[in-house]
Amino acid sequence: EDKVVQSPLSLVVHEGDTVTLNCSYEVTNFRSLLWYKQEKKAPTFLFMLTSSGIEKKSGRLSSILDKKELFSILNITATQTGDSAVYLCAVEGGAGSYQLTFGKGTKLSVIP
Amino acid sequence: DTAVSQTPKYLVTQMGNDKSIKCEQNLGHDTMYWYKQDSKKFLKIMFSYNNKELIINETVPNRFSPKSPDKAHLNLHINSLELGDSAVYFCASSQFRGGIQYFGAGTRLSVL
């Protein structure tokens, strides 16, 4: 069965800290790995990774994929209270090859 | 201009009732999805349609029936609602099969 495991499940940090969120996966027919941020409502897209070792970056957020070791990390530097959210990792693949299997998410709380 | 919109946002109903949730996307995407997010915040695929054709149909009770009148709309009809159906239901779309999915704001269904 396809599986996506995120760690830690929750994290509390102070503003200005740097955090690393982890995502490991076992998914057949891997196509890509995606990171989403979910605040109160809809998950919003952050990154899509398909190749190993190439860092994707957007402002203070960055992510990298290791297809050999089957994991990805999401880094957030100089955290702000607005970064408080659940971060979801999803892997595209599986029996249908195109479906997303989501992890349970990491709940990040940034306190002033 | 909401890209993926769902109605209603909230739905409170009694056990045994039949209800529908509507979803529309104005992105010109070919593929649409329904996800269920339970109380533990786990997001799980239910159905996917590509150009009005069902392509993913995960193991959900047959009380759930998706209907796609055209590629911009994917509705979810639920018969004989049960307590366990209480969850947030998200609609999403992607340009083609697979790739980045864009989510609606969700419909919070409460079955009493």
Side-chain angles (χ1 to χ4, degrees), chain A residues 1-11 21 23 25 27-51 56 58 63 65 72 84-109, chain B residues 1-10 21 23-25 27 29-51 53-60 66 87-109:
Chain A
E1 186 184 330
D2 297 329
K3 199 163 59 172
V4 176
V5 178
Q6 292 186 244
S7 63
L9 289 181
S10 68
L11 192 52
L21 310 183
C23 175
Y25 62 90
V27 174
T28 54
N29 306 314
F30 174 89
R31 292 175 60 87
S32 64
L33 184 144
L34 296 91
W35 285 97
Y36 286 84
K37 177 182 182 183
Q38 186 174 24
E39 294 173 88
K40 288 190 178 163
K41 293 188 177 176
T44 52
F45 171 74
L46 294 174
F47 297 111
M48 180 176 181
L49 303 144
T50 53
S51 302
K56 291 272 180 107
S58 175
S63 183
L65 174 67
S72 173
S84 296
V86 175
Y87 290 84
L88 296 168
C89 174
V91 176
E92 182 187 5
S97 294
Y98 296 99
Q99 64 190 64
L100 289 184
T101 300
F102 280 84
K104 290 185 177 179
T106 293
K107 183 176 180 180
L108 174 65
S109 301
Chain B
D1 270 1
T2 305
V4 182
S5 58
Q6 299 179 225
T7 52
K9 288 187 177 159
Y10 300 96
I21 307 172
C23 179
E24 176 181 3
Q25 53 95 3
L27 298 166
H29 287 171
D30 282 351
T31 309
M32 295 183 73
Y33 310 82
W34 276 111
Y35 287 87
K36 179 180 180 180
Q37 189 171 46
D38 59 26
S39 56
K40 295 181 181 173
K41 306 294 184 188
F42 199 26
L43 202 61
K44 195 155 179 179
I45 183 76
M46 298 174 71
F47 301 104
S48 174
Y49 269 74
N50 183 62
N51 266 323
E53 181 191 345
L54 181 66
I55 54 170
I56 294 173
N57 184 6
E58 288 298 296
T59 308
V60 298
V88 181
Y89 292 84
F90 285 99
C91 177
S93 73
S94 60
Q95 188 172 13
F96 306 113
R97 290 179 67 173
I100 302 166
Q101 293 183 20
Y102 296 89
F103 285 79
T107 295
R108 183 174 292 278
L109 171 65

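In what follows, chains are A, B, ... by sequence order, proteins preceding strands, each numbered from 1.
Checked against A:Phe102 for a ring-ring contact (aromatic ring centres under 6.0 Å, His included), the options B:Phe90, B:Tyr35, B:Phe42 give a single hit: B:Tyr35.
Evaluation of the side-chain hydrogen bond (donor to acceptor under 3.5 Å, both in side chains) test over residues 38-50 of chain A, restricted to residues two or more places apart or in two chains, returns A:Gln38-B:Gln37.
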Would B:Tyr33 and A:Leu100 count as a side-chain contact (heavy atoms from CB on, under 4.5 Å) here? Give the steps.
CA-CA 10 Å; B:Tyr33 310 82; A:Leu100 289 184; over 6 Å; no
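Annotation for B:Leu43 and A:Pro43: closest pair CD2-CG, 4.2 Å, computed over non-hydrogen atoms.
Partners of A:Tyr25 under the ring-ring contact (aromatic ring centres under 6.0 Å, His included) rule, at least two apart in sequence or in another chain, are A:Phe30.
Between chain A and the options B:Ala92, B:Gly106, B:Gly104, B:Gly99, the largest number of non-hydrogen pairs under 4.5 Å is found for B:Gly99.
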